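Just below is one structure, and these are the notes that go with it.
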Amino acid sequence: MTSDEVRDGVTLTNLDQPLFDDAGATKRDLVDYLDAVRDRVIPVLRERPLSVVRVRQGQAPFMQKNVPSYAPGFVRTVTLWAESSQRRVSYALCDDRRTLLWFANQRAVEYHPALVHAGDWDRPTHLVLDIDPPSAEAFPQAVAAARLVGRALADAGLSGAVKTSGAKGLHVFVPLEAHTTEDVAAATRALGVRAERLDPALATTAFIREDRGDRVFIDSTRSGGATVVAAYSPRVRPGVPVSFPVAWDDLDRITPGDFTVHTAAGLLRDGDPWAALMPEPQRLPRDLIEEGHTIPVARVQAMHEGKRRARARRAPS
DNA sequence: GAAAAAG
DNA sequence: CTTTTTCAACGCCGC
DNA sequence: GCGGCG
Ligand SMILES: [Mn+2]
Ligand SMILES: [Mn+2]
């Protein structure tokens with residue numbers, strides 16, 4: 001009647017507790033799901049500095065980058081200098097089952113790997129366009145916006161794979177040959193703007209929420225030091241949905257809630273659709289990169305406006 | 001979940 | 001010694 | 001060192 005267990009040498013505790021408020025799942029459901037898909041999720045985490053989102057019932061979720069000093073020795077880490085906090089941060093590299101199980105026992109629900117491999121700091125492996133609809137109800141619009149991205153890619157001679165984020169929207173991934181972070185970020189901006197231009201009433205690249213209206217945000221900022229939730233990762237949301245690969249042709253027939261910690265392993269059977277749907281690594285066209293370098297970084301512009309607004313508030317006209 | 005601080 | 005509290009993020013970059 | 005956002 002104990003809810004504890006040892007698996008692959010890792011002690012798992014409180015397995016019958018609710019995972020978090022409104023999860024509709026226990027900690028055991030998380031552990032069993034991750035263990036069932038380990039041979040598909042570990043390949044997307046391997047050798048990548050990892051951030052996780054942990055959550056405990058009755059508490060707010062929090063993101064964890066630095067691996068706590070109490071972590072067991074089998075958890076591999078890589079140490080990076082964090083400019084903003086002026087300190088060293090030890091990121092985990094989740095490349096084996098024990099590490100994955102240890103994180104699961106830590107109530108790490110979401111897995112956000114970097115877009116680079118450790119040691120290859122200026123060679124992102126993927127270009128990512130993040131499709132964020134204004135609400136969960138607008139998922140069909142997110143699908144339409146993803147198709148705009150698909151057209152922009154095709155027009156540039158590129159192709160990508162798509163997955164649900166597990167939350168409201170979608171992620172489009174394009175595997176890359178060797179390019180610098182700077183060039184990939186530029187190409188991402190250019191693709192975002194090109195997709196937006198295909199249907200400006202549906203999609204926007206506006207970084208300020210208020211400026212988006214009811215349009216779908218095509219987020220080109222998932223590059224550089226940013227992370228993106230991994231394929232197959234659960235999310236801290238009611239029902240514990242998971243980020244799940246979908247064929248372009250199937251997008252109209254699915255909804256993010258179809259894939260949860262309860263259903264996803266069964267749908268996958270022995271398959272690895274993320275690996276299967278991913279095209280070969282691609283070289284970015286010169287003109288796409290150059291176009292991107294003329295587009296300002298969305299966040300920075302937005303920050304200036306925010307600063308201006310704050311100043312105006314303090315000293316009204 | 002674990003360590004540090006408080007009782 | 002037991003109970004309660006605390007902690008667990010980053011980058012983007014111009015002003 | 002702040003601002004908005006993910
Ligand atoms: Mn998103
Ligand atoms: Mn986003």
Side-chain angles (χ1 to χ4, degrees), chain A residues 3-4 10-15 17 19-20 27 30-31 48-72 75 79-92 101-110 112-116 121 124 128-134 165-171 181-182 184-186 188-189 192 204-212 217-229 233 235-237 243 295-314:
Chain A
S3 73
D4 289 11
V10 179
T11 302
L12 305 170
T13 55
N14 302 312
L15 290 174
Q17 284 183 1
L19 189 53
F20 52 88
K27 194 176 163 186
L30 175 74
V31 167
R48 297 174 186 276
L50 180 68
S51 305
V52 296
V53 175
R54 295 173 55 194
V55 64
R56 305 165 49 66
Q57 57 276 59
Q59 293 181 207
F62 60 95
M63 182 166 280
Q64 174 178 300
K65 292 175 180 288
N66 192 47
V67 174
S69 53
Y70 58 75
V75 176
T79 301
L80 278 70
W81 180 257
E83 207 57 54
S84 66
S85 54
Q86 293 289 297
R87 63 169 193 148
R88 298 160 47 127
V89 175
S90 290
Y91 288 83
L101 289 171
W102 179 76
F103 269 116
N105 191 59
Q106 291 286 302
R107 292 177 184 263
V109 175
E110 301 190 3
H112 298 244
L115 290 166
V116 293
W121 303 117
V128 177
L129 284 143
D130 174 23
I131 317 288
D132 295 331
S165 73
K168 302 171 183 175
L170 295 160
H171 293 154
T181 298
E182 190 179 286
V184 174
T188 308
R189 292 196 294 274
T204 176
T205 56
F207 191 69
I208 302 280
R209 289 181 177 194
E210 205 184 82
D211 298 339
R212 298 178 197 162
F217 178 39
I218 298 181
D219 183 354
S220 320
T221 71
R222 305 289 87 200
S223 66
T227 61
V228 185
V229 80
S233 172
R235 304 303 303 271
V236 179
R237 305 184 68 82
S243 178
I295 301 170
V297 177
R299 321 183 197 199
V300 177
Q301 280 215 320
M303 286 184 283
H304 294 313
E305 284 166 39
K307 198 157 191 170
R308 246 170 266 130
R309 254 179 278 126
R311 202 183 305 122
R313 236 177 289 126
R314 247 175 283 113

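Protein chains get the first letters and strands the later ones, always in sequence-line order, with residue 1 at the start of each. Owing to the predicted nature of the structure, the values given are computational and were not obtained by experimental measurement.
You'll find that the side chain of D219(A) is closest to dG6(D), out of dC10(C), dG6(D), dA3(B). Distances from the side chain of V297(A) to the nucleotides dG11(C), dC12(C), dG6(D) place dC12(C) closest. Side-chain atoms of R212(A) lie closest to dC5(D) of the nucleotides dC5(D), dG1(B), dG11(C). Here the side chain of I208(A) is nearest to one of dG1(B), dG6(D), dC5(D), namely dC5(D). When distances run from any side-chain atom of N66(A) to the nucleotides dA9(C), dG1(B), dG4(D), the shortest one goes to dA9(C).
Proximity of S85(A) to the phosphate of dC10(C): a side-chain N or O atom is located under 4.0 Å from OP1 or OP2. Remark: N14(A) is in phosphate contact with dG1(B), judged by side-chain N or O atoms under 4.0 Å from OP1 or OP2. The phosphate of dC10(C) (OP1 or OP2) has no side-chain N or O of S51(A) nearer than 4.0 angstrom. Listed pair R87(A) / dA9(C) meets the phosphate criterion, a side-chain N or O lying under 4.0 Å from OP1 or OP2. Contact check, T221(A) against dG6(D): no side-chain N or O comes under 4.0 Å of OP1 or OP2.
D211(A) contributes atom CG, which lies 10.5 Å from atom OG1 of T205(A) (distance to the nearest 0.5 angstrom). Rounded to the nearest 0.5 angstrom, Q106(A) CD and L12(A) CG are separated by 11.0 Å.
The distance between atom CH2 of W81(A) and atom P of dC10(C), rounded to the nearest whole Å, is 11 Å. If you take CZ of F20(A) and P of dA8(C), they are 22 Å apart, rounded to a whole angstrom. Separating the CZ atom of R88(A) from the P atom of dA9(C) is a distance of 15 Å, rounded to the nearest angstrom. If you take CG of L50(A) and P of dA8(C), they are 18 Å apart, rounded to a whole angstrom. What separates CZ of F103(A) from C1' of dA2(B) is a distance of 15 Å, to the nearest Å. In this structure, W102(A) atom CH2 and dA2(B) atom C1' are separated by 10 Å, rounded to whole Å. The separation between R107(A) atom CZ and dC7(C) atom C1' is 16 Å, rounded to whole Å. Remark: P of dA9(C) and CG of L80(A) are 13 Å apart, rounded to the nearest angstrom.
Under the 4.5 Å side-chain criterion, counting only non-hydrogen atoms from C-beta, P61(A) is not in contact with F20(A). Contact check for V53(A) versus H112(A): side-chain heavy atoms found under the 4.5 Å cut-off.
When heavy atoms are screened at a 4.0 angstrom cut-off, V89(A) is found touching the sugar-phosphate backbone but no base atom. Using a 4.0 Å heavy-atom distance criterion, A82(A) is classed as a sugar-phosphate-only contact.
For the segment residues 53-65 of chain A, residues with any heavy atom less than 4.0 angstrom from an atom of DNA chain B are, sorted by number, R54(A), R56(A).
Of the possible polar contacts, none joining the R54(A) side chain to the M63(A) backbone as a donor-acceptor pair under 3.5 Å is found.
Between dA9(C) and dC5(D), the distance separating the two P atoms is 23 Å to the nearest Å. For dA8(C) and dA3(B), the C1' atoms lie 12 Å apart once the distance is rounded to whole Å.
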Would T13(A) and N105(A) satisfy side-chain hydrogen bond (donor to acceptor under 3.5 Å, both in side chains), going step by step from the backbone distance to the final call? CA-CA 7 Å; T13(A) 55; N105(A) 191 59; 3.2 Å; yes
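With sequence neighbours excluded, the residues forming a salt bridge (charged side-chain N to carboxylate O under 4.0 Å, His left out) with R235(A) are E110(A), listed by chain and number. Residues that satisfy the side-chain hydrogen bond (donor to acceptor under 3.5 Å, both in side chains) test with Q57(A), not counting sequence neighbours, are Q17(A), R107(A).
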